Asks: 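The structure's right below; bear with me while I get my questions together.
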Amino acid sequence: MTDRSTSAAPRRRFLQSAAAGAVGTAALAAPMVSTAQTISFRFQSTWPARDIFHEYANDFAKKINDMAGNRLKIEVLPAGSVVPAFQLLDAVAKGTLDGGHGVVAYHYGKNSALALWGSGPGFGMDPNMLLSWHYYGGGEALLQEIYKSINIDVVSFLYGPMPTQPFGWFKKPIARADDIKGMKFRTVGLAVDMYTDMGAAVNPLPGGEIVPALDRGLIDGAEFNNASSDRILGFPDVVKNCMLQSFHQSTEQFEILFNRAKYVALPADLKKTIDYAVEAASADMSWKAVDRNSKDYEELKKAGVNFYKTPDAILRAQLAAWDKIMEKKGGENALFKKVLDSQRAFARRAGSWQNDYLVDFKMAWNHYFARR
């Protein structure tokens, strides 16, 4: 006769083991629910909500939010929501804002060398090449050095090479450099010095204030940036003449700022997420700009805007003005000269390569589309 008490023991152990395995399998199959608290960052851009630049800021934030899941969330507010556009750097450094989206040239008043990330001819570099100098030619360390010298403790990422900006919007076409003399004009950064040298009375208004000032006659002409922004901001509603091509801001890019304490406190993988989101947003911005700027350029022409190429004589006058500005500012500011020397050395090498290697794309465009 079988002893049921002893024969049942192995069976009980088997059933207990199977039940435990089933529980483990169910746990593996169940969706994982993160219990980590969401880190929220409040950003502000330096752009009006309707501007494509603010859209670029939101594009960057979306990339972060998508990749980080529920662990990091960036909210972007338009210019003026917390502080005026030109106060963004201080607000981020002090922690009033966790971060922001703007351009380095807006900080020109704190140290003139900051305008060299955007203003001027960049020794013949295009915007993408200047970004190459920034990340691979020593520019990033120089920017950190300048911020440290003015007691600004932020984490800065540059991205998004901008297309060449128009010389400006004017009530009458500009045929000669002398036409600038006595004109009340809006620009920012070192371009203030350039237009001043050419005889203009300059008012460095932020983006959202330009068209109202033009409409009220407070300024006679202005530049902002590109066909999409200029159209959205309302330039064609008050002025019908736009001069294309210029060296006043031909190398500009965007800046993403983080409060350093907030950034440093992030886990290492979220910092890497930010790094790669900056790079992805830079490429995406470049591609979007080609599509949107070209479409809006066509719409501006349909709206009756007259576009003119800035005469070569004016472009040469700009370069001559820059020579004087660089000599003067370089003599007054050691950091200004240090940035110039670094850019010049990089541009000599990289520009030689690019100018020798790149084909003339305009020749091909003319072959297919220009009237013959």
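Given the structure is predicted, the values throughout are model-derived calculations rather than measurements.
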Asks: Pairs of donor and acceptor atoms involving the side chains of residues 231-239, under 3.5 Å and at least two apart or interchain, shall be tabulated with distances.
Replies:
{"from": "R231", "atom 1": "NH1", "to": "D296", "atom 2": "OD1", "distance (Å)": "2.6"}

Asks: Within the structure provided, determine whether I274 and F157 are in side-chain contact (heavy-atom separation under 4.5 Å).
Replies: yes
Asks: Starting at CZ of R176, measure out to CD1 of I314 and round the result to the nearest 0.5 Å.
Replies: 9.5 Å
Asks: Report the residues that fulfil salt bridge (charged side-chain N to carboxylate O under 4.0 Å, His left out) with D356, sequence neighbours left out, ordered by chain and then residue number.
Replies: none
Asks: Show which side-chain atoms of residues 188-207 pair as donor or acceptor with protein atoms under 3.5 Å away, not counting sequence neighbours.
Replies:
{"from": "D193", "atom 1": "OD1", "to": "Y108", "atom 2": "OH", "distance (Å)": "2.4"}
{"from": "D193", "atom 1": "OD2", "to": "Y108", "atom 2": "OH", "distance (Å)": "3.4"}
{"from": "D193", "atom 1": "OD2", "to": "K329", "atom 2": "NZ", "distance (Å)": "3.4"}
{"from": "Y195", "atom 1": "OH", "to": "F167", "atom 2": "O", "distance (Å)": "2.5"}
{"from": "T196", "atom 1": "OG1", "to": "V192", "atom 2": "O", "distance (Å)": "2.6"}
{"from": "D197", "atom 1": "OD1", "to": "K324", "atom 2": "NZ", "distance (Å)": "3.2"}
{"from": "D197", "atom 1": "OD2", "to": "K324", "atom 2": "NZ", "distance (Å)": "3.2"}

Asks: If you group Ile, Leu, Val, Met, Phe, Trp and Tyr by side-chain heavy-atom gaps below 4.5 Å, do M67 and I256 land in one group?
Replies: no
Asks: Got more than 12 heavy atoms from elsewhere within 6.0 Å of NZ, K301?
Replies: yes
Asks: Please name all residues satisfying side chain to side chain donor-acceptor pair (under 3.5 Å) with R292, sequence neighbours left out, ordered by chain then number.
Replies: E55
Asks: Do L143 and L114 have side-chain heavy atoms sitting under 4.5 Å apart?
Replies: yes
Asks: Please check: side-chain N/O of N226 versus main-chain N/O of S229, any donor-acceptor pairing under 3.5 Å?
Replies: yes
Asks: Under the side-chain contact (heavy atoms from CB on, under 4.5 Å) test, which residues partner S342, sequence neighbours left out?
Replies: W133, L142
Asks: Looking only at side chains, do Q253 and H134 share a donor and an acceptor under 3.5 Å apart?
Replies: no
Asks: For atom NZ of K338, is the number of surrounding heavy atoms from other residues, nucleotides or ligands below 6.0 Å larger than 12?
Replies: no
Asks: Measure the CG-CD distance between D230 and Q165 for me, rounded to the nearest 0.5 Å.
Replies: 9.0 Å
Asks: Would a distance-only check, ignoring hydrogens and angles, find a side-chain to backbone donor-acceptor pair under 3.5 Å from Y147 to V155?
Replies: no
Asks: Counting only N and O atoms by type, is there a donor-acceptor contact under 3.5 Å from the side chain of N306 to the main-chain atoms of N241?
Replies: no
Asks: Decide whether Q318 and S246 meet the rule of one side-chain donor and one side-chain acceptor closer than 3.5 Å.
Replies: yes
Asks: Hey, any chance V92 and V82 share a hydrophobic cluster, counting ILVMFWY side chains that come within less than 4.5 Å of each other, even indirectly?
Replies: yes
Asks: OH of Y56 to CE of M162: how many Å apart, nearest 0.5 Å?
Replies: 9.0 Å
Asks: F86: which residues meet the ring-ring contact (aromatic ring centres under 6.0 Å, His included) condition with it, sequence neighbours left out?
Replies: Y106
Asks: Provide the closest heavy-atom pair for L270 versus A68 in the form atom of the first, atom of the second, distance.
Replies: CD2-CB, 4.0 Å
Asks: Counting only heavy atoms not in E298 (residues, nucleotides, ligands), do more than 12 fall under 6.0 Å from its CD?
Replies: yes
Asks: Any side-chain donor-acceptor pair under 3.5 Å between T38 and N70?
Replies: no
Asks: Flag yes if more than 12 heavy atoms outside K272 fall under 6.0 Å of its NZ atom; otherwise flag no.
Replies: no
Asks: Report yes if the side chains of M125 and F346 come closer than 4.5 Å at any heavy-atom pair, otherwise no.
Replies: yes
Asks: Please say yes or no: joined through hydrophobic side-chain contacts below 4.5 Å, possibly via intermediate residues, are F123 and L319 part of one cluster?
Replies: yes
Asks: Should E145 and K148 count as an ion pair when the cut-off is N to O under 4.0 Å?
Replies: no
Asks: With a 4.5 Å heavy-atom cut-off, do V278 and F60 have their side chains touching?
Replies: yes
Asks: If you measure only the distance, is there a donor-acceptor pair under 3.5 Å linking the side chains of Q245 and T310?
Replies: no
Asks: What do you reckon, are the aromatic ring centroids of Y297 and F307 less than 6.0 Å apart?
Replies: yes
Asks: Which pairs, with at least one residue in residues 79-93 and sequence neighbours excluded, count as a side-chain hydrogen bond (donor to acceptor under 3.5 Å, both in side chains)?
Replies: D90-K110
Asks: If you compare all heavy atoms of Q44 against all heavy atoms of P78, which two are closest, and at what distance to 0.1 Å?
Replies: CG-O, 3.4 Å
Asks: Regarding K337 and D341, does a basic nitrogen lie under 4.0 Å from an acidic carboxylate oxygen?
Replies: yes
Asks: Could you work out, with salt bridge (charged side-chain N to carboxylate O under 4.0 Å, His left out) as the rule, every residue matching E209, not counting sequence neighbours?
Replies: none
Asks: Considering only heavy atoms from C-beta outward, does the side chain of I150 approach that of H107 to under 4.5 Å?
Replies: no
Asks: Check salt bridge (charged side-chain N to carboxylate O under 4.0 Å, His left out) between D291 and all other residues, then give those that pass, not counting sequence neighbours.
Replies: K295
Asks: Check ring-ring contact (aromatic ring centres under 6.0 Å, His included) between F336 and all other residues, then give those that pass, not counting sequence neighbours.
Replies: none
Asks: Give a yes or no on whether K73 atom NZ has more than 12 heavy-atom contacts from other residues, nucleotides or ligands under 6.0 Å away.
Replies: no
Asks: Answer yes or no: is there a side-chain heavy-atom contact under 4.5 Å between V154 and F258?
Replies: no
Asks: So, the side chain of S286 versus the backbone of S282: is there a donor-acceptor pair under 3.5 Å, distance only?
Replies: yes
Asks: I need the minimum non-hydrogen distance between T46 and A79, along with the two atoms involved.
Replies: C-CB, 3.5 Å
Asks: With rounding to the nearest 0.5 Å, note down the distance linking OG1 in T273 to CG in D66.
Replies: 11.5 Å
Asks: Testing the basics here: between E223 and P166, what is the closest heavy-atom pair and its distance to 0.1 Å?
Replies: CB-O, 4.0 Å
Asks: Less than 6.0 angstrom separating the ring centers of F53 and F224, yes or no?
Replies: yes
Asks: Tell me if the NZ atom of K172 is crowded by more than 12 foreign heavy atoms within 6.0 Å.
Replies: no
Asks: With side chains defined as the heavy atoms from C-beta onward, is the minimum distance between P311 and M243 less than 4.5 Å?
Replies: yes
Asks: Are L266 and V76 connected into the same hydrophobic cluster when the rule is that any two of I, L, V, M, F, W, Y join if their side-chain heavy atoms are below 4.5 Å apart?
Replies: yes
Asks: With heavy-atom distances below 4.5 Å as the criterion, would you say the side chains of D59 and M285 are in contact?
Replies: no
Asks: Extract all donor-acceptor atom pairs below 3.5 Å that involve side chains of residues 94-102 and protein atoms in other chains or at least two apart in sequence.
Replies:
{"from": "D98", "atom 1": "OD1", "to": "K262", "atom 2": "NZ", "distance (Å)": "2.4"}
{"from": "D98", "atom 1": "OD2", "to": "R42", "atom 2": "N", "distance (Å)": "2.7"}
{"from": "H101", "atom 1": "ND1", "to": "W47", "atom 2": "NE1", "distance (Å)": "3.0"}
{"from": "H101", "atom 1": "NE2", "to": "Y159", "atom 2": "OH", "distance (Å)": "2.8"}

Asks: Under the ring-ring contact (aromatic ring centres under 6.0 Å, His included) test, which residues partner Y276, sequence neighbours left out?
Replies: none
Asks: Would you check if the side chain of D179 reaches a backbone N or O of A175 as a donor-acceptor pair within less than 3.5 Å?
Replies: yes
Asks: F41 vs F43 aromatic rings, parallel, tilted or perpendicular, using cut-offs 30° and 60°?
Replies: parallel
Asks: Can you name the closest pair of heavy atoms from E252 and A105 and give their distance?
Replies: OE2-CB, 3.8 Å
Asks: Measuring from atom CG of N65 to atom CD of E75, what distance do you get when rounded to the nearest 0.5 angstrom?
Replies: 10.0 Å
Asks: Locate the shortest heavy-atom distance separating G120 from T251; write the atom from each residue and the value.
Replies: O-OG1, 3.8 Å
Asks: For the NZ atom on K171, are there more than 12 heavy atoms of other groups (residues, nucleotides or ligands in this structure) within a distance under 6.0 Å?
Replies: yes
